[in-house]
Amino acid sequence: MPDLLLELFSEEIPARMQRRAAEDLRKLVTDALVERGFLYEGAKAFATPRRLALHVAGLPPRGQDVREERKGPRVGAPEGAVQGFLKSAGLTSLDQARIVSDPKKGEFYVAVIERPGRETIEVLAEILPAVVKTFPWPKSMRWGAASREPGSLRWVRPLHSIVASFGPETETPEVVPFAIEGVEVGFTTRGHRFLAPQAIEVRRFADYLPALERAFVVLDADRRKDIILHDARDLAFARGLDLVEDEGLLEEVAGLVEWPVTLMGAFDERFLNIPPEVIRATIRANQKCFVLRGAPGPDGRERLANAFILVSNLVASDGGAAIVAGNERVVRARLSDAAFFWETDRKVRLEDRLPKLESIVFHEKLGTQAKRVERIAALARALAPVVGADAALAERAARLAKADLVTEMVGEFPELQGLMGRYYAAEQGEDPAVAAAIEEHYKPLGPSDRVPTEAVSVAVALADKLDTLVGFWAIDEKPTGSKDPYALRRAALGVIRLILASEARLPLRAQIAAAAAGHGRDSGAFADDLLAFFADRLKVYLRDQGARHDLIDAVFALPGQGGLLQDDLLMVVRRVEALGRFLDTEDGKNLLAGYRRAANILRIEEKKDGRAFDAAPDRALLRLPEEAALADALQAAGAEAARAVAAEDFEGAMRALSTLRAPVDAFFDKVTVNAEDAGLRANRLALLNALRAATREVADFSRIGGEGR
């Protein structure tokens, strides 16, 4: 079966765009082939700094023949209908159609349309130019004289050449015939910019890979990553050091080189007095280099080594000595700047920096960072007793939490905010809990980030996130669809994880009102909407944790205190967990089956009678012992379940419901619900309604699906 080889050779593609671009190329080409009826055996795309490539294996040499019967108008239909039929079917006269007789519809025309399958190479010549011209680069450019013309080609960087060949392994492949704005398709590509700049002729993918390797190009990004990682580990090991691995940096560096060569550099040991995170940020951000870990210090803590790993795109004649020296000079200069920032920042106490926050606008409608700090401090103090924190320490930490935003170090490396505040707080003798909270109040930053456990950190983190959420809800700046510019979904998930991890009893309605008061707002206008947002985030979180979505819905369907939305997230989760455990038991499964049977009967009979059977069962009409037994069990179980729920003993509520299994089974085994006597029928339906009501003490069983959903 023939294969397709496509290469788009250009100036350097930004590393951050390469992997997505390769996947887009694969999907766009293969989707277009499948839409036209051309199936294939496999496809893989590749990216290097100067090329996108695609190999599609096992394409047919031509498409399948198509035979289609198209029904036309009745015999004797108006001329306009006949001419429309002939045109759509590609016929010149009715003699080319046949007449089919239908006993009901009479005689009508039918056209038999036969189209021979198209040559695959012709179809590729249509698909590939369209893909190139409409390629979805996040940013693109036009260049040269053609850029003055409207509709000219846009590409991420100037496009130099295109290889597009098609054919089987046993024959010489053909060039897919197309050109794009003067760039002719051919068999010619180029290797490494410096190590093998001459032209290379390639005709099929089996030749392409080894040809590029000989020309110092590793086509597969994952293989480049593997080479860099293993060589870096080996270099570090040879010096008795460990590589500090960084997947994000590894992905970026692999997108900067076509022929990775790892080298080791060093810097002055005196720079190790700078916090290790600063060293790593400096070397990573400015030089795209990896740091190394040495032997533990006297205190037993791990320390960075005064060495780093760089990745070159060259095999240098001097073994890389000049490249290493150049990188060392830049690293030395950057670390000197970092050391200056570190020493300068330590001369000013965090609290003395607070007035500068008045000049930083958090949001034009929500005021400055200084105003925000005041709100967060008040909230943190109020939240402290709820999470078991010292109120004074929580307030102190909240007041200092944003002070490092105006330090030199955070100005240079924004990603170190919070962390530098912790260092400076520890330097100036703040309580360790305050220093830790300054760093941790941003956490968790995402679903995989660590959740703070220290009580002061939890109080400040909750206050920070609640102030953000309430503030943006108050000004009606909420997430819409996939857009969430202020990361409010992440903030809500952070609140949820903090509450659940700390097992804090934190009814959110009161906290929303308190946070709104700090903004000078009344939460009544938006509290329900914000609580619904929390409920949606909690559902997503619980589903990600493996909870059954139907059980979550069954619990959320019940109103909270006073008929309002549920706002005690910890209790919601505990109820979901207890319900799940109960339904895993035989008693739970059988009670659910009994509930469904009762609910189905009620639904049918209520529709038939046009009314609900919500009156209390009349004990005088309980004729059979099974009826009386169920009535007694429902009264006892319902009351016990209600008491248990009120005491937040959800396991106890489930145990109370489990006592209903036997009387429910006996009732359906011995009692005819739809008795001929209207009074008996209504009373027995009221008994089933009482069963439905009893289960609603713990959940809305109507929301629970089949087993294992």
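Positions are given from 1 along the sequence. Computed from heavy atoms alone, side chains included, the values below leave out hydrogens, waters and symmetry copies.
Side-chain atoms of K465 come within 3.5 Å of backbone N or O of K443 as a donor-acceptor pair. Side chain of T585 to main chain of G588: a donor-acceptor pair is present (N/O by atom type, distance under 3.5 Å, no hydrogens or angles). Not a single donor-acceptor pair under 3.5 Å links the side chain of H519 to the backbone N or O of R521. Here the side chain of D567 pairs a donor or acceptor atom with the backbone of R509 at under 3.5 angstrom. Remark: side-chain polar atoms of R581 are not paired, donor with acceptor, to backbone N or O of V576 under 3.5 angstrom. Between the side chain of D609 and the main chain of R611, no donor-acceptor pair closer than 3.5 Å is present. With hydrogens and angles disregarded, no donor-acceptor distance shorter than 3.5 Å links the side chain of Y40 to the backbone of V34. Counting only distance, with no hydrogens or angles, the side chain of D550 and the backbone of G705 share a donor-acceptor pair below 3.5 Å. In this structure, the side chain of R497 does not engage the main chain of V451 through any donor-acceptor pair within 3.5 Å.
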For V573 and L538, what are the C-alpha separation, side-chain angles and deciding distance, and is it a side-chain contact (heavy atoms from CB on, under 4.5 Å)? CA-CA 9 Å; V573 172; L538 180 60; 4.0 Å; yes
Step-by-step salt bridge (Lys or Arg N to Asp or Glu O under 4.0 Å) determination, R684 to E605: CA-CA 11 Å; R684 288 169 180 173; E605 301 307 315; over 6 Å; no
Passes side chain to side chain donor-acceptor pair (under 3.5 Å), R603 versus N600? Steps please. CA-CA 5 Å; R603 183 171 57 254; N600 287 335; 2.4 Å; yes
Go through the steps for I127 and R36 under the test side-chain contact (heavy atoms from CB on, under 4.5 Å), then give the verdict. CA-CA 10 Å; I127 290 173; R36 291 162 174 78; 3.8 Å; yes
Step by step, work out the side-chain contact (heavy atoms from CB on, under 4.5 Å) result for I499 and R505. CA-CA 8 Å; I499 289 173; R505 297 300 312 281; over 6 Å; no
For R655 and D649: C-alpha separation, side-chain torsions, deciding distance, then whether side-chain contact (heavy atoms from CB on, under 4.5 Å) applies. CA-CA 10 Å; R655 285 195 300 272; D649 176 12; 3.9 Å; yes
I would like to know whether D464 and K402 meet salt bridge (Lys or Arg N to Asp or Glu O under 4.0 Å); could you show each step before the answer? CA-CA 10 Å; D464 179 62; K402 307 296 182 183; 3.2 Å; yes
Set out, in order, the CA-CA distance, both residues' side-chain angles and the distance that settles salt bridge (Lys or Arg N to Asp or Glu O under 4.0 Å) for D24 and R20, then state yes or no. CA-CA 6 Å; D24 285 341; R20 176 62 184 271; 3.2 Å; yes
Between D484 and K478, is a salt bridge (Lys or Arg N to Asp or Glu O under 4.0 Å) present by the stated rule, with each step listed? CA-CA 8 Å; D484 186 9; K478 299 175 289 189; over 6 Å; no
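Counting heavy atoms from C-beta on, the side chains of F613 and L688 never come closer than 4.5 Å. Residues K539 and D553 have side chains in contact (heavy-atom distance under 4.5 Å, counting atoms from C-beta outward). Looking only at side-chain heavy atoms (C-beta outward), V673 and F667 come within less than 4.5 Å of each other. In this structure, L462 and S502 have side chains that are not in contact, with every pair of non-hydrogen atoms separated by 4.5 Å or more. Looking at L506 and L383, their side chains come closer than 4.5 Å, going by heavy atoms from C-beta outward. A heavy-atom distance below 4.5 Å is not found between the side chains of D587 and L660. Between V664 and Y595 the shortest side-chain heavy-atom distance does not fall below 4.5 Å. For the pair K589 and R661, the minimum side-chain heavy-atom distance is 4.5 Å or more.
For R489, the CZ atom is densely surrounded, since the number of other residues' heavy atoms within 6.0 Å is greater than 12. For E79, the CD atom is densely surrounded, since the number of other residues' heavy atoms within 6.0 Å is greater than 12. Surrounding CD of E454 are at most 12 heavy atoms belonging to other residues, nucleotides or ligands under 6.0 Å away.
Annotation: the span from F668 atom CZ to E626 atom CD amounts to 13.0 Å, rounded to 0.5 Å. Between L624 atom CG and E627 atom CD the span is 4.5 Å, to the nearest 0.5 Å. Expressed to the nearest 0.5 Å, how far CZ of R703 lies from CG of L551 amounts to 12.5 Å. To the nearest 0.5 angstrom, L488 atom CG is 7.5 Å from T468 atom OG1. In this structure, the separation between CD on E651 and CD on E577 is 9.0 Å, given to the nearest 0.5 Å. Rounded to the nearest 0.5 angstrom, L466 CG and L530 CG are separated by 8.5 Å.
Nearest heavy atoms, G471 versus L366: O-CD2, 3.5 Å. Of all heavy-atom pairs spanning A43 and T30, the tightest one is CB-CG2, 3.7 Å.
Applying the ring-ring contact (aromatic ring centres under 6.0 Å, His included) rule to F135 yields the partners W137, W155; only residues at least two apart in sequence or on another chain are considered. In terms of the salt bridge (charged side-chain N to carboxylate O under 4.0 Å, His left out) criterion, residue partners of R692 (sequence neighbours excluded) are, by chain and number, E606. Under the side-chain hydrogen bond (donor to acceptor under 3.5 Å, both in side chains) criterion, R26 pairs with E23, not counting sequence neighbours.
Cation-pi contact between K71 and F108: present, with separation from the ring centre below 6.0 Å and deviation from the ring axis of at most 45°. Annotation: cation-pi pair K371/F362 absent, no NZ/CZ under 6.0 Å from the ring centroid and within 45° of its normal.
Here R575 does not pair with E648 in a salt bridge; the nearest charged N to carboxylate O distance is not below 4.0 Å. Using a 4.0 Å cut-off between charged nitrogen and carboxylate oxygen, E440 and R450 count as a salt-bridge pair.
The aromatic rings of Y486 and F472 lie parallel to each other, with less than 30° between the two planes, well short of the 60° mark.
Of the options D700, D536, V572, a side-chain contact (heavy atoms from CB on, under 4.5 Å) to F556 is made by V572 and by none of the others.
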